[in-house]
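Protein chains get the first letters and strands the later ones, always in sequence-line order, with residue 1 at the start of each.
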Amino acid sequence: MTAQHVNAAQPIVTRFAPSPTGHLHVGGARTAMLCWAFAQNMKRQGFDGRFMIRIEDTDQARSSDESAKGILDDLAWLGITWDDGPTLTTPAGATIGGDSRNVGPYFQARRIDIYNAYLEHLVRCGRAYPAFETSDQLNADRKAAEAKKQTYKYPRPSDVQLGIFNEQRWARAKSGEPHVIRFVMPPTGITVTDLVLGEVKFAAGEVDDFVIRKQDGFPTYHFAVVIDDELMGVTHVMRAQEHLINTPKHVALQGALTRLKNDRDATSGSNGQPFRVPQYAHMPLIFNIDGTKMSKRDKAKAARKALKDLLTKDKTLTADAIASDLKLDAKLLADFIAAENDSLDIAQAVAAKFNIPLPEIEVWDYRKSGYLPHAITNFLSLLGWSPGLKDEQGKDIEKFDLSFLSQHFSIDRLGKTAAKFDRVKLLSFNADAIAALADDAFDRELTNWANQWEPTFAQRLKHIDGQRRAALMRACKPRCKTLRDAVKVMDFALTRDDQVAFDPAAVAKANLFAGATGHTSVTKFRAMLTELPAAGTFEPTSIDAWIKSYAETNQLKMGDVAQPIRVALTGTTVSPPLGDVVSVLGISGSLTRLDRCLSTCRTLAPASA
RNA sequence: GGCCCCGUCGUCUAGCGGCUAGGACGCAACCCUUUCAAGGUUGAGGUGCGGGUUCGAUUCCCGCCGGGGUCACCA
């Protein structure tokens with residue numbers, strides 16, 4: 001971003017304007033993050049850069065306060081804060097947001113009188129008019145056009161003319177006749193200047209007279225956006241490329257609008273100051289790895305597929321039985337299976353019941369799966385943007401934090417091509433982020449995560465403390481690509497010493513029956529442990545060294561010694577190195593496990609091999 | 001279908017007329033190794049096609065093809 005795009009005297013304002021109809025989508029997170037990065041970068045350059053959030057809740061049916069709160073919360077979790085917008089108090093007690101520029105409120109539903117004032121002004125200037133067709137009529141017309149393979153465009157009524165106030169229509173509207181308000185699209189072509197895509201031209205007549213106020217009295221997105229961006233001083237509109245096609249509408253609106261002396265009163269009249277056209281930057285879209293659009297419906301698809309497989313495989317299951325079991329409406333579930341609906345609630349209920357993994361689409365999903373915010377923001381910032389910098393070895397720099405992003409972000413380096421969301425690479429980033437954590441930081445992250453998402457695991461983890469806990473973190477951290485991985489990786493340590501379940505296949509493989517090599521190894525190992533000083537004062541490496549020397553002296557393969565011990569200690573053939581395992585379990589815990597294994601496995605038959 | 005955007009390894013990308021087209025994830029092989037991870041080394045893998053412009057095109061122009069977005073009283 002160069003200085004030519006900005007005016008040093010005015011604040012430079014970007015905004016993220018989510019509609020609160022669900023969780024924060026990863027695509028939305030990226031948009032918000034890059035808007036934030038731009039504003040931050042401006043600050044670093046000495047400008048008054050500001051990142052603003054506005055909640056676009058003009059869809060009365062779908063919006064909810066919980067969604068708005070959830071989106072704000074996800075943003076804060078990612079480490080993205082806003083200068084202007086709804087306030088949020090973080091778990092740490094900090095307050096984000098506020099209205100220091102005095103341009104709020106930041107919920108559009110609370111700005112209706114403003115929209116109405118500008119709407120009325122536009123109508124009086126002959127730039128907008130009430131229209132009385134019903135949705136049904138319009139839909140029928142659209143269908144008819146489609147049947148004739150024609151593109152439908154709303155035909156401007158013959159009594160409507162640009163610049164002429166239509167008193168008859170206004171009177172009908174005033175008398176209470178249901179209507180929408182449409183904008184009189186000017187007869188000129190429109191060129192959108194985009195900081196990413198360059199000049200994009202739209203010919204005259206391409207855009208029809210679109211609706212700016214719905215029948216319910218709420219403004220449409222197009223209208224509210226233009227009014228708010230002007231009144232809130234937004235200078236840089238950065239959004240996803242799917243909005244590019246909307247931009248000529250916004251530009252046309254900006255061309256027709258001037259500021260009112262009083263924003264809430266049409267009769268105050270215009271002060272003659274035209275609306276600004278902000279700088280636009282349309283960012284590339286984000287897709288699934290298969291090229292389909294990333295959408296919440298992917299969850300329904302995944303659940304449906306798994307459920308169908310289940311039903312064909314297990315004939316004792318029926319859809320109706322499942323429905324009553326899950327307290328779902330049988331008809332709705334049947335529709336769901338038949339792909340007649342994509343209910344997220346049903347998908348989640350079914351997934352929870354049958355342990356079906358649902359694709360992660362929203363930031364919330366990734367939180368739940370045990371991703372670190374740092375890994376997500378790092379990965380996301382590489383989708384459609386790159387710093388274009390090399391490290392000392394001449395390799396591309398691609399591991400960085402939000403601070404680096406804000407330092408190096410520029411719109412110039414935004415790409416034009418859509419990016420596919422590669423979950424495998426994200427996972428790799430997350431594994432690296434976890435690996436980079438100090439052991440005690442890992443402990444904190446894991447504990448916080450577990451408290452929120454896996455209370456049972458959190459409860460079990462609580463019983464381990466002190467040196468044993470430190471050993472557990474040290475041993476398991478490199479084996480976790482997500483925090484959730486710890487649930488499995490740490491399982492061996494969280495089971496009571498007298499309740500270890502010895503996996504029969506592992507036992508057989510380890511030759512643990514009396515007289516076999518494994519049994520002997522474990523017995524000797526036990527004897528060695530009893531000679532060790534008090535718990536916690538031994539070096540894990542000394543345990544490993546003993547195993548090695550024992551194997552050498554007895555001319556055994558390491559696997560013949562270590563695996564039986566591993567099974568005896570953990571019940572399975574997979575665990576961290578045995579020195580670490582003993583550190584975690586402690587001497588007495590280890591002895592309990594070894595004894596129990598020795599006695600329960602001695603009578604087992606050898607493997608049938 | 002109309003309009004609009006896009007086109008470098010499988011994926012994310014570097015490149016802004018001259019490079020053996022670089023990196024990362026993934027993949028393969030090898031090394032390390034008591035299991036599982038991790039780590040190390042090496043390797044395979046790309047400029048969609050056709051025309052121009054130019055001494056020279058990944059890069060500039062045109063066409064084609066391919067992909068995508070959008071065509072709501074959703075945002």
Geometric class of the A:Phe421/A:Phe379 ring pair [parallel <30°, tilted 30-60°, perpendicular >60°]: perpendicular
Check nucleotides 21-24 of chain B against the protein and report each pair of N or O atoms closer than 3.5 Å, with its distance, or say if there are none.
{"from": "B:G22", "atom 1": "N2", "to": "A:Asp396", "atom 2": "OD2", "distance (Å)": "2.1"}
{"from": "B:G23", "atom 1": "O2'", "to": "A:Asp396", "atom 2": "N", "distance (Å)": "3.4"}
{"from": "B:A24", "atom 1": "OP1", "to": "A:Lys395", "atom 2": "NZ", "distance (Å)": "3.1"}
{"from": "B:A24", "atom 1": "O4'", "to": "A:Glu398", "atom 2": "OE2", "distance (Å)": "3.3"}
{"from": "B:A24", "atom 1": "O2'", "to": "A:Glu398", "atom 2": "OE2", "distance (Å)": "2.2"}
{"from": "B:A24", "atom 1": "N3", "to": "A:Lys425", "atom 2": "NZ", "distance (Å)": "3.0"}

Per A:Ser386 side chain, nearest of listed nucleotides B:A37, B:C6, B:A14: B:A14
Minimum-distance nucleotide (side-chain atoms of A:Ala419 versus B:U13, B:A75, B:C74): B:U13
Complement of B:C19, any strand, by Watson-Crick or G-U distances under 3.5 angstrom: none
Ring geometry between A:Tyr366 and A:Tyr371 (parallel below 30°, tilted from 30 to 60°, perpendicular above 60°): perpendicular
Base partner of B:G1, which must satisfy Watson-Crick or wobble distances under 3.5 Å: B:C71
Residues A:Ser428 and A:Arg423: side-chain donor-acceptor under 3.5 angstrom: no
A:Arg142 side chain near B:C73 phosphate (N/O to OP1/OP2, under 4.0 Å): yes
Between N or O atoms, less than 3.5 Å apart, protein on one side and nucleotides 29-34 of chain B on the other: list the pairs.
{"from": "B:U34", "atom 1": "O2", "to": "A:Arg566", "atom 2": "NH2", "distance (Å)": "2.3"}
{"from": "B:U34", "atom 1": "O4", "to": "A:Asp544", "atom 2": "OD1", "distance (Å)": "2.4"}

Pairs satisfying side-chain hydrogen bond (donor to acceptor under 3.5 Å, both in side chains), at least one member in residues 553-566 of chain A, at least two apart: A:Gln563-A:Arg566, A:Arg566-A:Ser575
side-chain hydrogen bond (donor to acceptor under 3.5 Å, both in side chains), paired with A:Asp229, selected from A:His236, A:Arg54, A:Gln254: A:Arg54
Base-pairing mate for B:U54 - Watson-Crick or G-U, with both contacts under 3.5 Å: none
Side chains of A:Asp228 and A:Tyr106, donor plus acceptor under 3.5 Å: no
Side-chain ion pair, A:Lys488 and A:Asp491, N-O less than 4.0 Å: no
Under-4.0 Å side-chain N/O to phosphate OP1/OP2 contact, A:Thr58 with B:C74: no
Interatomic distance at P, B:U41 relative to B:C19, whole Å: 29 Å
From B:C25, B:U8, B:C73, nucleotide with atom closest to A:Val424 side chain: B:C25
Side-chain donor-acceptor pairs under 3.5 Å in residues 195-206 of chain A, sequence neighbours left out?
{"from": "A:Glu199", "atom 1": "OE1", "to": "A:Lys201", "atom 2": "NZ", "distance (Å)": "3.3"}

Base paired to B:U34 (Watson-Crick or G-U; both N/O distances under 3.5 angstrom): none
Donor + acceptor pair across side chains of A:Glu133, A:Tyr154 (<3.5 Å): yes
Axial cation check for A:Phe210 ring with A:Lys249, 6.0 Å and 45° limits: yes
Nearest-angstrom distance from the residue atom NZ of A:Lys509 to C1' of B:U35: 9 Å
Minimum-distance nucleotide to A:His243 side chain [options: B:G68, B:U8, B:A75]: B:A75
All N/O contacts under 3.5 Å from nucleotides 59-64 of chain B to the protein, with atom names and distances to one decimal?
none

N or O in side chain of A:Arg182 less than 4.0 angstrom from B:C73 OP1/OP2: yes
Candidates B:C6, B:C36, B:C12 - which lies nearest the side chain of A:Thr417: B:C6
Whole-Å P distance, B:G63 and B:C5: 12 Å
Touch class at under 4.0 angstrom, heavy-atom based, for A:Asn246 against every strand present: base
Side-chain heavy atoms of A:Trp546 within contact of A:Phe525, under 4.5 Å: yes
Proximity to the side chain of A:Phe287 - top-ranked nucleotide from B:A75, B:G68, B:U35: B:G68
Residue pair A:His222 / A:His250, side-chain donor-acceptor N/O under 3.5 Å: yes
Watson-Crick or G-U wobble mate for B:C64, both contacts under 3.5 Å: B:G48
Cation-aromatic face contact A:Lys399/A:Phe429, 6.0 Å, 45 degrees: yes
Selected nucleotide, minimal atom distance to A:Lys416 side chain, candidates B:C12, B:U11, B:C6: B:C6
Pairwise side-chain contact, A:Val567 with A:Thr572, heavy-atom cut-off 4.5 Å (strictly under): no
Closest-nucleotide ordering on RNA chain B, the 5'-leading residue of A:Trp385 and A:Lys481: A:Trp385
Whole-angstrom distance between B:G22 and B:C9, as gauged at atom P: 14 Å
Pairing partner (Watson-Crick or G-U wobble, both distances under 3.5 angstrom) of B:C25: B:G10
A:Phe107 vs A:Thr58 side-chain heavy atoms within contact, under 4.5 Å: no
Among B:C74, B:C12, B:G7, the nucleotide that comes nearest once only the side chain of A:Lys214 is considered: B:C74
Review item, nucleotides 1-3 of chain B N/O atoms under 3.5 Å of protein N/O:
{"from": "B:C3", "atom 1": "O4'", "to": "A:Glu206", "atom 2": "OE1", "distance (Å)": "3.4"}

